[in-house]
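Beneath this line is the structure, given in structure tokens, with notes to follow.
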Number of protein chains: 2
Amino acid sequence: MRPKQQVEKRVADFLEICRRQGVKATHQRTEILRELAGSEEHPDAETILTRVRQRVPTISVDTIYRTLRLLEDSGVIARVGSMRDRARFDANTDRHHHFVCTECEMIGDFYSDAMDQFPVPQEVSEMGSVEGVYVELRGICRKCKQKAMKTEGRTGEKP
Amino acid sequence: MRPKQQVEKRVADFLEICRRQGVKATHQRTEILRELAGSEEHPDAETILTRVRQRVPTISVDTIYRTLRLLEDSGVIARVGSMRDRARFDANTDRHHHFVCTECEMIGDFYSDAMDQFPVPQEVSEMGSVEGVYVELRGICRKCKQKAMKTEGRTGEKP
DNA sequence: AACTCCAATCGTAATAATTACTATTTAAGA
DNA sequence: TCTTAAATAGTAATTATTACGATTGGAGTT
């Protein structure tokens with residue numbers, strides 16, 4: 001859970017963007033962003049739906065997906081966790097990267113100036129202009145590693 | 001198109017892996033890999049299906065997807081192009097990274113020792129053990145940039 | 001070469017995430 | 001308060017991917 005103050009700051013920023021862009025600042029949109037901004041676990045659309053429903057019981061699937069696209073297009077949230085069957089979302093707008101556990105799909109944020117300021121190879125400049133970098137470190141998280149060890153220890157165990 | 005020699009080398013490597021792993025080296029598998037290894041454009045499953053069908057007309061959707069998973073699990077190919085509606089594949093096994101055009105979805109390979117040898121931040125070591133790095137530079141490719149300029153030039157053009 | 005066996009394939013059906021549609025509701029400006 | 005176009009709810013449609021059951025064929029053996 002992120003600090004409430006930070007969450008509300010992000011919600012307020014979004015309301016400002018709505019005004020500027022001439023889109024409506026609805027209850028649903030606000031609650032979806034509030035939910036996402038308060039979470040550190042990069043939830044998927046279904047998870048967000050379930051949680052927001054506790055506060056806005058009639059909210060629909062369509063609204064969730066439409067809003068997530070809107071927020072993404074406005075640069076308020078980002079899509080993370082590549083190559084999976086479902087999209088995961090992130091309301092952390094500070095420049096950062098991700099660690100992804102290939103076992104349990106846990107996603108963690110981390111910061112690295114070195115990765116941010118990476119010089120673009122000439123090879124790439126010739127392909128086009130670079131506007132963003134997406135870095136994902138993949139591996140096994142601590143929890144899964146521990147679980148794996150326990151399971152190994154049980155080899156040959158009695159039934 | 002990649003050089004034929006290189007393609008056949010990769011196919012031969014795969015046949016060797018099949019023997020070692022005790023899986024059958026079928027005509028379908030060979031042709032799917034041959035198609036992918038010969039391409040530089042990181043095709044999706046449907047594109048591969050269409051192309052392989054010209055040589056193996058009865059090949060099924062199931063076989064395409066099953067084989068792509070098999071090849072991926074064997075480390076012969078990789079899944080690239082994150083956050084899209086469909087998976088894209090790459091038979092280039094040399095260590096490399098990707099440039100992705102957010103406009104037309106073109107994907108290009110590039111090489112960078114610096115990115116390969118990137119030091120893992122301590123923050124991440126505490127989350128788990130890193131086994132791989134996925135880097136994607138995102139931007140607009142030359143072709144799309146030119147197209148955008150032309151379109152801009154037409155502003156106010158007569159009907 | 002013929003035989004055998006089980007993995008692999010084909011054709012199609014099922015699944016699951018995401019997007020689209022339409023009647024109804026609501027934010028926000030007059 | 002009144003008005004209006006944008007947004008929502010509920011549901012249907014779409015699309016990529018996976019699963020299933022009957023049939024085929026790779027590869028080892030005789």
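Since we're looking at a predicted model, the values are computed, not measured.
- Within the 4.0 Å cut-off from OP1 or OP2 of C:dT19, not a single side-chain nitrogen or oxygen of A:Tyr65 is found.
- Cluster note: B:Val124 groups with A:Phe99, A:Met106, A:Phe110, A:Met115, A:Phe118, A:Val120, A:Val124, A:Met127, A:Val130, A:Val133, A:Val135, A:Leu137, B:Phe99, B:Met106, B:Phe110, B:Met115, B:Phe118, B:Val120, B:Met127, B:Val130, B:Val133, B:Val135, B:Leu137 through ILVMFWY side-chain heavy atoms spaced under 4.5 Å, whether in direct contact or through intervening members.
- Every pair passing ring-ring contact (aromatic ring centres under 6.0 Å, His included) that includes a residue from residues 31-89 of chain B is listed here, sequence neighbours excluded: B:His42-B:His98.
- Residue pairs meeting the ring-ring contact (aromatic ring centres under 6.0 Å, His included) criterion with at least one partner in residues 2-39 of chain A, sequence neighbours excluded, do not occur; the list is empty.
- For residues 125-137 of chain A, the set of pairs meeting the salt bridge (Lys or Arg N to Asp or Glu O under 4.0 Å) definition, not counting sequence neighbours, comprises A:Glu136-A:Arg138.
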Inset, instruction - Could you please spell out the steps behind the salt bridge (charged side-chain N to carboxylate O under 4.0 Å, His left out) verdict for A:Asp73 and A:Arg69? - result: CA-CA 6 Å; A:Asp73 292 345; A:Arg69 262 180 294 166; over 6 Å; no

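- Annotation: salt bridge (Lys or Arg N to Asp or Glu O under 4.0 Å) contacts of B:Arg55 (sequence neighbours excluded): B:Glu31, B:Glu35.
- Scanning residues 33-59 of chain A for heavy-atom distances under 4.0 Å to DNA chain D yields A:Thr58, A:Ile59.
- Using five terminal pairs a side, the axes of the helix from C:dA1-D:dT30 to C:dA30-D:dT1 at its two ends make an angle of 40°, given in steps of 10 degrees.
- When the nucleotides C:dA8, C:dA17, C:dC10 are ranked by their closest atom to the side chain of B:Arg29, C:dA8 comes out on top.
- Residues passing the salt bridge (Lys or Arg N to Asp or Glu O under 4.0 Å) test with B:Lys143, sequence neighbours excluded: none.
- Contact annotation: A:Thr63 reaches the phosphate of D:dA9 (side-chain N/O to OP1 or OP2, under 4.0 Å).
- By the salt bridge (Lys or Arg N to Asp or Glu O under 4.0 Å) test, B:Glu16 pairs with B:Arg19, sequence neighbours left out.
- Of the residues in residues 16-27 of chain A, those lying under 4.0 Å from DNA chain C by heavy-atom distance are A:Lys24, A:Ala25.
- Here salt bridge (Lys or Arg N to Asp or Glu O under 4.0 Å) pairs that include residues 107-119 of chain A, with residues two or more places apart or in two chains, are A:Arg2-A:Asp109.
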What's touching nucleotides 19-23 of chain D from the protein side, N or O pairs under 3.5 Å?
unit_1: D:dA19; atom_1: N7; unit_2: B:Asp62; atom_2: OD2; d: 3.2
unit_1: D:dA19; atom_1: N6; unit_2: B:Asp62; atom_2: OD2; d: 3.1
unit_1: D:dC20; atom_1: N4; unit_2: B:Asp62; atom_2: OD2; d: 2.8

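- Two residues are said to be in side-chain contact when any heavy atoms from C-beta on lie closer than 4.5 Å; A:Arg10 and A:Thr93 meet this criterion.
- Regarding contacts with the backbone of C:dT26, every side-chain N or O of A:Gln28 stays at 4.0 angstrom or more from both OP1 and OP2.
- There is a path of hydrophobic side-chain contacts, each under 4.5 Å, that joins B:Val52 to B:Leu68.
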